[in-house]
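Structure first, then comments.
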Number of protein chains: 2
Amino acid sequence: VSIICVQEISSLSSPWSWECINEACVKKETQPGQEEKAISLEACQIFCSEESGLWPKPNGVINVSKILVPVDPSLIEINTRRLGSLTSEAAKLFKEELIRRAPTARDVGDKGKPLSINIFHTEPDTDKLTLETDESYNLVTGIDDKGKLQVNITAPNFFGSRHALETLGQLIIYDDLRNQLKTPIFLNITDKPAFPYRGILLDTARNYISVDAIKKTINGMAASKLNTFHWHITDSHSFPYVSKSRPQLSQYGAYSPRKVYSQKDIEDIVDFAKVRGVRVMPEFDAPAHVGEGWQKTGYVVCLNAQPWGTYCVEPPCGQFDVTKDGLYDALEDIYGDMVEQFDPDIFHMGGDEVHFTCWNQTKSIIAWMAQKGWGREEEDFAKLWGYFQDTAADRLFKKVGKNIPVIMWTSTLTKKEHVTKYLPKDKYIIQIWTLGNDPQISELLEEGYKLILSNYDALYLDCGFAGWVTDGNNWCSPYIGWQKVYDNKPKSIAGSRINQILGSEAALWSEQVDSTSVDSRLWPRAAAMAETLWSDPSNTWREAETRFLIHRERLVRRGLDADALEPEWCLQNENECPIKKV
Amino acid sequence: VSIICVQEISSLSSPWSWECINEACVKKETQPGQEEKAISLEACQIFCSEESGLWPKPNGVINVSKILVPVDPSLIEINTRRLGSLTSEAAKLFKEELIRRAPTARDVGDKGKPLSINIFHTEPDTDKLTLETDESYNLVTGIDDKGKLQVNITAPNFFGSRHALETLGQLIIYDDLRNQLKTPIFLNITDKPAFPYRGILLDTARNYISVDAIKKTINGMAASKLNTFHWHITDSHSFPYVSKSRPQLSQYGAYSPRKVYSQKDIEDIVDFAKVRGVRVMPEFDAPAHVGEGWQKTGYVVCLNAQPWGTYCVEPPCGQFDVTKDGLYDALEDIYGDMVEQFDPDIFHMGGDEVHFTCWNQTKSIIAWMAQKGWGREEEDFAKLWGYFQDTAADRLFKKVGKNIPVIMWTSTLTKKEHVTKYLPKDKYIIQIWTLGNDPQISELLEEGYKLILSNYDALYLDCGFAGWVTDGNNWCSPYIGWQKVYDNKPKSIAGSRINQILGSEAALWSEQVDSTSVDSRLWPRAAAMAETLWSDPSNTWREAETRFLIHRERLVRRGLDADALEPEWCLQNENECPIKKV
């Protein structure tokens, strides 16, 4: 058997190997007799640059040996003494991932060293991520006197130590010249994220996204050290969320009886995410962005009003009739279901794109406002919206049992003249979706608000495709290249008030996306944002380019259909592709 | 068991059904007691429009009953009496596809009718598609006196009858309200393509594309009645084609020993395509677009010359030294291998983007030209290129055993002043890749050339993504929406010389595409082109929109990761999404 195996490998051998010259891996023909010394591309990438090919690059000490030794994937031990089930599950995932990466490496395993990983947590363990969680870690590898590789991971808690495992996983490469896993013989890395909120928004209401596609997204997040899956789970188009207490909503509101998220689905996703260091934060967008599912309740007005351009920004229209008392009981029920299922430390209440024209043309609402002696100007409708927001938030807090931070989109209500009145800064975090240079950002920062950045010119990853209500291209075209995502630095947006920026979030609105295209839209671009948030880099995309190409390959190996960025030739011939000045 | 089954279905039942009102399917709540009459969306789509949801729409008589009857998928018989193995294989695929579409429909199969399909060919059968092949068919369904559905397909040959099976497959829908396959009780369709060449180009050299991804592409082509897979199999970036007589080229030129197309792979792909009515046409692009793989031969000059902008349009540069006699022996060998494997009725010799600067800076070439007494102006280099083209084409024809039509890209050589001299119209077909309004098109038409349209402003499906040699967006941005693809009608480009247009081809260059994204870039947009070529429609994209959304769903069911175009809401609520004038 071993003879056949050797023959197979040799018939597949490449004449090429790589040398590290001036911090770049250069492709060379392997000279006869030099096969033993030949360096594979992945091996070269580990020791040839300051950041060892890591993505996101560590935000602290990086000390990595240039000597790589083979690892036997069948002899990996992970010691998670009394650290709780999350850590041991994460350890199991780590091992599975390594073995998957080198399916035939076990055939040559006897050439590799045993690897022993010891994880230590320095704080009482927790299984809930919050905005205060310390996600730092220290990762040290050395060789013991028995020739065994010893890896020590020290972190305050699980959320730090799992990041360490991701980093370690990136430093165990597959040497395709020898069919071996290899890792540096020693390393010392200390690392922590620059920003606590590092998110991806996925909209599962404009089109339904399968549970598998959601899990793949979370898997890519874990690989890139993102920590918040913002689930825009309902909208006017469909209501796929199965509410235990209000099941009629998904029964009438789902695209089909199969296109729903059952309680089991959600439990499954929340658990899947947690072991990957990701919180699942639900968004129940209101009082606009509602419609399908609510037909029988009488709480939604302007549903599919036409011509839709008069009542909303895209079809179908729909807004809550916020004057109906029964609405708040329904909301309380739904919040209760969500709180039970998601156990959220922060909650997203949506709040974008309320069209006052809709309310202003609804008789019952006008009558209710008249009774209160209110007018019908913007400030009056803002007051109406404020009434909704206040009442709804109280119902949420009642179900949580305490106040938790609530996130809201920028909107009419976050304008200078309304925001302090209706959305006090001790209760609300504002998520920016306007342009990165919108003056509203500095206004909100000066008022003391904490912000999450999703400025659409850099972080709306659905931009750039065909129009769908008309021809031409969609509203926020052109397509946003990873370079622009990378260069969208929180510091350049917030300046000296950078401490009020909790982080950023890449958004994938799903009008033109469903399970078939989630991966290619999000990846690898969302990983470009991940580095801006984790490492707060001062370099531009150009210096990060080779590492980013490496990370894209990693995401593909992890099972994600991440888009290709360049010919593979550019990965194999570092620095030869950029336009050079003559 | 049957009780459990009924319960499962009923717990999944939708409250919605559809009614056909003014040629549009309108969503309605199913009233209690009316469940038996409720119409599913897919059923409604079949009988509610003139074209019965077919894509591409038939180019002849369409007569489809509004009455649908259930079909038992386990009782489908296809009679292919003495029609050769291609037809019986296609019949097998047809059955498998139907069964896959309704995985649980067999549980209720006893409610369905048996379906008997009889295929007749009126010409001596052939298994080779050419530009002269008659791909027409007639498809008739009726019910016989035993209550059995009888389908008669009459076509000149296999290439017609397999299109009939595709059409029939689109007319057997899955009724998700009843878990049944259904088809119109009678129908009569005569159909034939407007243009003989309906292609997709896939570049597998800038990035390697897996054999599976290639097969999926061909599968989508079959579903859309496209007939030519144009395989741009080599380029300067890599040489994945394993040439039997010159194996060194892929050994040195492939991205890795695993990223090649072996003889078995190609045989597999050619067979897979043929049974789906698709010819595989190889392109061996020369004398530019060569590089990797040729290092040891001495036949390629300017390989990875820097700064690349001086010598070629993208890195890495590389062009043949066309003065080397040995080059033509190598080409003859490779042509010989390709002729044996692909059995081509037409062959693509590439010929785009030759940079005279490269040749003009190569000493041996300058010396050779000087010896002939040639100058160093454009006309001299055109003459040099003409010498190459003539000599290479002769070597190709020698291997085929006769002259076959050769396709060449528009280039310096196809300019008015050179084209008749070097590319005579009885030997060459010109493929347009410039703009749809390029004056060169009418010049070529007036000279009597036959053309294939791949004008990049409508048919380059890789446009619109990030830049890769720099930031910003790629050269041919923005992204081309399906609407623009659909409205790119050959007639509007060629006018009265439409008879010289053989067809069109959607091109997927793979600088920023690999196996992960082939599907989403090509589909469903390539299917928009398919209808312009098959049906030669006079309508615009707007009238085709609903059918196109239906066809996109079909492609997804067929296993393709076709991009979503709109919220599913727009499919379920026909005509409610487009912007309406107030």
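Please read all numbers here as calculations on a predicted model, not as lab measurements.
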From CA spacing to verdict: side-chain contact (heavy atoms from CB on, under 4.5 Å), A:Trp308, B:Ile579: CA-CA 8 Å; A:Trp308 55 260; B:Ile579 289 178; 3.5 Å; yes

Pairs of heavy atoms under 4.5 Å with chain B: top-ranked of A:Asn474, A:Leu571, A:Asp514: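 If we count pairs closer than 4.5 Å to chain B, A:Asp514 comes out on top.
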
I'd like to check [X] versus [Y] (side-chain heavy atoms, cut-off strictly below 4.5 Å). Are they in contact?
| X | Y | result |
| --- | --- | --- |
| B:Pro578 | A:Trp468 | no |
| B:Ser477 | A:Pro478 | no |
| A:Tyr252 | B:Glu29 | yes |
| B:Leu565 | A:Phe465 | no |
| B:Pro567 | A:Tyr208 | no |
| A:Glu568 | B:Lys259 | yes |

Mark yes or no for whether [X], through its side chain, and [Y], through its backbone, hold a donor-acceptor pair below 3.5 Å.
| X | Y | result |
| --- | --- | --- |
| A:Glu566 | B:Glu511 | no |
| B:Asn473 | A:Tyr479 | yes |
| B:Trp569 | A:Arg206 | no |
| B:Gln251 | A:Ser14 | no |

Spacing of B:Cys570 atom SG and A:His237 atom NE2 [to the nearest 0.5 Å]: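 Rounded to the nearest 0.5 Å, the SG-NE2 separation comes to 6.5 Å.
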
Interatomic distance, B:Ser256 atom OG to A:Leu41 atom CG [nearest 0.5 angstrom]: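 Rounded to the nearest 0.5 Å, the OG-CG separation comes out at 11.0 Å.
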
Residues of residues 480-488 of chain A contacting chain B, heavy-atom criterion under 4.5 Å, by residue number: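 Checking residues 480-488 of chain A against chain B gives A:Gly481, A:Trp482, A:Gln483.
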
Any idea which of [options] has the most non-hydrogen atom pairs under 4.5 angstrom with chain A?
| options | result |
| --- | --- |
| B:Thr470, B:Leu560, B:Val556 | B:Thr470 |
| B:Gly472, B:Gly309, B:Ala562, B:Ala254 | B:Ala562 |
| B:Pro316, B:Ser236, B:Ser517, B:Ser515 | B:Pro316 |

Nearest atoms (heavy-atom pairs only) where B:Pro257 meets A:Ser13: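 Answer, listing the atom of B:Pro257 first, then A:Ser13: CG-C, 3.8 Å.
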
Under 3.5 Å side-chain donor-acceptor pair for B:Arg552 and A:Thr516: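 Checked: B:Arg552/A:Thr516 side chains pair up, N/O donor to acceptor below 3.5 Å.
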
Modelled atom types, side-chain donor and acceptor of B:Asp563 and A:Gln512, under 3.5 Å: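 No - no donor-acceptor pair under 3.5 Å links their side chains.
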
Below 4.5 Å from any heavy atom of chain A, which atoms of [X] appear? Answer side chain, backbone, both or neither.
| X | result |
| --- | --- |
| B:Ala205 | neither |
| B:Val513 | backbone |
| B:Gln572 | side chain |

Residues in residues 520-528 of chain B near chain A [non-hydrogen atoms, under 4.5 Å]: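 Listed by number, the contacting residues are B:Ser520, B:Arg521.
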
